[in-house]
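Quick notes on the structure that follows.
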There are 2 protein chains.
Amino acid sequence: MSITLQMNQLDITAMFKALGDPTRLRIFEFLRACGAPVAVEESGDVRPLVGPTVGDICCHVTGNERVTSSISFHLKELRLAGLITMERRGKNMICSVNPEAIVLLAQYFGTTPSVGNSDCC
Amino acid sequence: MSITLQMNQLDITAMFKALGDPTRLRIFEFLRACGAPVAVEESGDVRPLVGPTVGDICCHVTGNERVTSSISFHLKELRLAGLITMERRGKNMICSVNPEAIVLLAQYFGTTPSVGNSDCC
DNA sequence: TTAATATTTCTAGTATTGTCGAACTGATTA
DNA sequence: TAATCAGTTCGACAATACTAGAAATATTAA
């Protein structure tokens, strides 16, 4: 288990809440488009191997060279929701989507839900 | 085109925002589980044919017999986000998920995003 | 027409969220 | 070690969102 607090139990409401902000959705889509590979630990933790830095993300999303506290805040929200992972690489933090989250969300909408709940309709 | 203001242009951020509230997600999941059939107009509008009433939903979600303004508020949010549709049936309003929204969301997570954005990583 | 039922809208209060600038931390370079 | 670079955290403020109760609307029943 890693030292840093990781959200291993994926909460679908938290994910939707995180994706419900336009800035965060842009960050998420940027990271998805990057499609950087990740390492999966025995513990289940996911770590990025390569990927854009916080600065790259900030530049892409805001056009700003300097990393803003706002971007940092949104990255934290995405991380706590289990949607992305980050890891220090020298002076930088490199970022990546959490593929497990994508799988979970794809399943959530892809599968036909169980029909026939007797207490409805 | 229907008289009531309908959101025909589906906005993915608005959908995530709507699903990011636990009460709304419960309502949405209940409606999905009901799996009630809908009618699709030439205009593209989707109308429920059968489905639970607002009272049914309120009862299921809050355990409360009386419909609360809070449930009404959340239903409106889901409706404005394009996730559900509602129609009057006598004294009641009957509700249903918008299948187009489910398809859109399934595609959003199901498809592999276009990789190779040169300005990333 | 009046009453009752089902639901929405309005208003106000509280809580949560996003933004900004300043201060702080960790890692590298001089 | 000092300076710099890359990001994060903190504190304050504005904006937004959720909740609750009261009043309003639409439909049906008496």
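Numbers restart at 1 for each chain; the letters A, B, ... are given by sequence-line order, proteins then strands. Predicted model, so just to flag it, every value in this text is computed and none were measured.
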message: Under 4.0 Å, counting only non-hydrogen atoms across every strand here, what does B:R88 touch: a base, just sugar-phosphate, or nothing?
response: sugar-phosphate
- prompt: Over how many whole Å does the gap from B:E87 atom CD to C:dT8 atom P extend?
  reply: 14 Å
query: Separation of B:E65 atom CD from C:dA6 atom P, in whole Å?
result: 10 Å
task: Enumerate the residues from residues 90-97 of chain B whose closest heavy atom to DNA chain D is under 4.0 Å, giving them by residue number; use none for an empty result.
output: B:G90, B:K91
field: Least distance between heavy atoms, A:R32 atom then B:Y108 atom
entry: NH1-O, 2.7 Å
- line: When rounded to whole Å, the CG to P distance for the pair A:L75 and D:dG7 reads 10 Å
- prompt: What heavy-atom pair brings B:I71 and B:C58 nearest, and what distance separates the two atoms?
  reply: CG1-SG, 3.7 Å
message: In whole Å, I'd like the distance from the CZ atom of A:R66 to the P atom of D:dT8.
response: 12 Å
query: Side chains of A:F28 and A:I102: closer than 4.5 Å at any heavy-atom pair?
result: yes
query: Distance check: side-chain N/O of A:K76 vs OP1/OP2 of D:dG7, anything under 4.0 Å?
result: no
field: Contacts of type salt bridge (Lys or Arg N to Asp or Glu O under 4.0 Å), residue B:E87, not counting sequence neighbours
entry: B:R47, B:R89
field: Flag side-chain contact, heavy atom, 4.5 Å: B:H74 against B:I27
entry: yes
- request: If a pair satisfies salt bridge (Lys or Arg N to Asp or Glu O under 4.0 Å) and one of its residues is in residues 61-75 of chain B, list it, with sequence neighbours excluded.
  value: none
message: Show the nearest heavy-atom pair for residues A:T13 and B:G20, with the distance to one decimal.
response: CG2-O, 3.5 Å
field: Qualifying residues under side chain to side chain contact (heavy atoms under 4.5 Å, CB included), relative to B:P99, sequence neighbours excluded
entry: B:V38, B:V46
Between C1' of D:dC18 and CD1 of B:I27, the distance in whole Å: 13 Å
- prompt: Are side-chain heavy atoms of A:P52 and A:I94 found at a separation under 4.5 Å?
  reply: no
task: Spell out, as yes or no, whether a donor-acceptor pair under 3.5 Å connects the side chain of A:R79 to the backbone of A:T85.
output: no
- request: Using five pairs at either end of the helix from C:dT1-D:dA30 to C:dA30-D:dT1, determine the angle between the two local helix axes and round it to 10 degrees.
  value: 10°
task: Starting at atom CZ of A:R89, determine the distance to atom P of C:dT28, rounded to an integer number of angstrom.
output: 11 Å
task: Over all heavy atoms of both residues, which pair between A:A81 and A:A14 is shortest? Give the atoms and the distance, please.
output: CB-O, 3.7 Å
query: Which nucleotides of nucleotides 11-23 of chain C have their base under 4.0 Å from a protein heavy atom (B), which only their sugar-phosphate (S), and which neither (-), written as one string 5' to 3'?
result: ------SSBBB--
